[in-house]
Amino acid sequence: MNTLTLLPFIVLIAAMFLMTRSAKKKQQQAANMRNEMQPGSGVRTIGGMYATVKEVSEDTVLLDAGPGVDLLFAKNAIGAVLTDDEYNRIVHGIEHDLKSDADVVPDDASSLTGAGESDEPAAASAPGDKAVDLGKKDAAEDGTGAPEVAEAKTDEEPKKTDGDSEAK
């Protein structure tokens, strides 16, 4: 047999070996994660439920899902072991402030524009600035008769009722 005809089979076997190797590596990482669980750590099950680990045994995990709610799960049903910060952020909505010394961003942008406490916009208070016309004008200002067009449009469309009609 020629080596050229064996080459596709060798490449196929090598690809299968690499795929199974990566899958085994992922399974080993998941098993290590589940074995490192300790009571008090937050977890997410494969069904998407968040809970706190209460007890860990050989094949099962006792989870505390809330006050007075203890659930027994198989270790394989644990999808992820979460860090304390991540668990508190997801379950309790508590954000851990890593940059507590950073500047606080205000809720509105008025302090960022430099307008101060006045009611005028900052762009209008700057000298030499002209208002930009975006092509949007009120129908009353431009006099094009836009309300008449709207009335004609409503006459063409059938009126909608609440379901009471004479035709049955």
Side-chain angles (χ1 to χ4, degrees), residues 1-115 121-123 126 129-137 144 146 149-150 152-154 156-158 160 163:
M1 241 186 188
N2 191 2
T3 33
L4 195 56
T5 57
L6 289 177
L7 187 62
F9 294 112
I10 293 171
V11 170
L12 182 64
I13 292 171
M16 289 174 54
F17 174 74
L18 290 175
M19 285 190 285
T20 58
R21 185 172 177 249
S22 66
K24 284 183 182 180
K25 187 182 271 188
K26 287 180 183 179
Q27 286 178 351
Q28 185 65 35
Q29 287 175 345
N32 288 340
M33 177 218 32
R34 290 181 187 114
N35 290 333
E36 293 175 2
M37 277 189 299
Q38 297 175 355
S41 60
V43 295
R44 182 184 69 233
T45 65
I46 58 174
M49 184 184 73
Y50 292 92
T52 306
V53 176
K54 196 169 184 181
E55 291 179 15
V56 179
S57 64
E58 188 174 329
D59 293 334
T60 59
V61 179
L62 185 65
L63 300 179
D64 182 18
V69 180
D70 293 336
L71 304 169
L72 187 64
F73 276 85
K75 268 190 178 180
N76 291 340
I78 303 301
V81 177
L82 307 173
T83 63
D84 290 338
D85 291 337
E86 186 178 11
Y87 182 77
N88 287 332
R89 179 182 60 81
I90 293 170
V91 175
H92 303 296
I94 300 171
E95 290 285 336
H96 180 69
D97 192 12
L98 297 176
K99 299 178 182 178
S100 60
D101 297 334
D103 293 336
V104 176
V105 178
D107 289 339
D108 61 347
S110 63
S111 65
L112 300 175
T113 59
D129 286 346
K130 295 182 180 178
V132 178
D133 182 20
L134 299 176
K136 296 180 180 178
K137 295 182 180 180
T144 59
V149 174
K153 186 177 181 181
T154 57
E156 294 171 6
E157 295 177 6
K160 297 183 180 179

Task: Nearest-0.5 Å distance, CD of residue Glu36 to CZ of residue Arg34 - done: 12.0 Å

Task: Val81 and Met33, any side-chain heavy atoms less than 4.5 Å apart - done: yes

Task: Gap between atom CD1 of Ile10 and atom OG1 of Thr5 - 0.5 Å precision - done: 9.0 Å

Task: Spacing of CZ belonging to Arg44 relative to CD1 belonging to Ile78, to within rounding of 0.5 Å - done: 10.5 Å

TODO: Please assess Val61 against Val53 for the test side chain to side chain contact (heavy atoms under 4.5 Å, CB included), listing each intermediate value before the final yes or no.
DONE: CA-CA 7 Å; Val61 179; Val53 176; 4.0 Å; yes

Task: 4.5 Å side-chain heavy-atom contact, Glu86 and Ile90 - done: yes

TODO: Considering non-hydrogen atoms only, spot the tightest contact between Ala65 and Ala51 and give its length.
DONE: CA-CB, 4.1 Å

Task: Non-neighbouring partners of Asp64 that pass salt bridge (charged side-chain N to carboxylate O under 4.0 Å, His left out), sequence neighbours left out - done: none

Task: Atom pair CE (Met37) and CG (Asn32), whose distance is rounded to the nearest 0.5 Å - done: 12.0 Å

Open item on the list: Rounded at 0.5 Å granularity, tell me how far CG in Leu63 sits from CG in Asp70.
Closed with: 9.0 Å

Open item on the list: As a quick check of understanding, evaluate side chain to side chain contact (heavy atoms under 4.5 Å, CB included) for Tyr50 and Thr45, giving each step before the final call.
Closed with: CA-CA 7 Å; Tyr50 292 92; Thr45 65; over 6 Å; no

Task: Interatomic spacing from OH in Tyr87 to OG1 in Thr52 - rounded to 0.5 Å - done: 3.0 Å

- [ ] Mind checking side-chain hydrogen bond (donor to acceptor under 3.5 Å, both in side chains) for Thr60 and listing every partner two or more places apart, or none if nothing turns up?
- [x] Ser57

Task: Derivation and outcome, side chain to side chain contact (heavy atoms under 4.5 Å, CB included), residues Met49 and Val43 - done: CA-CA 8 Å; Met49 184 184 73; Val43 295; over 6 Å; no

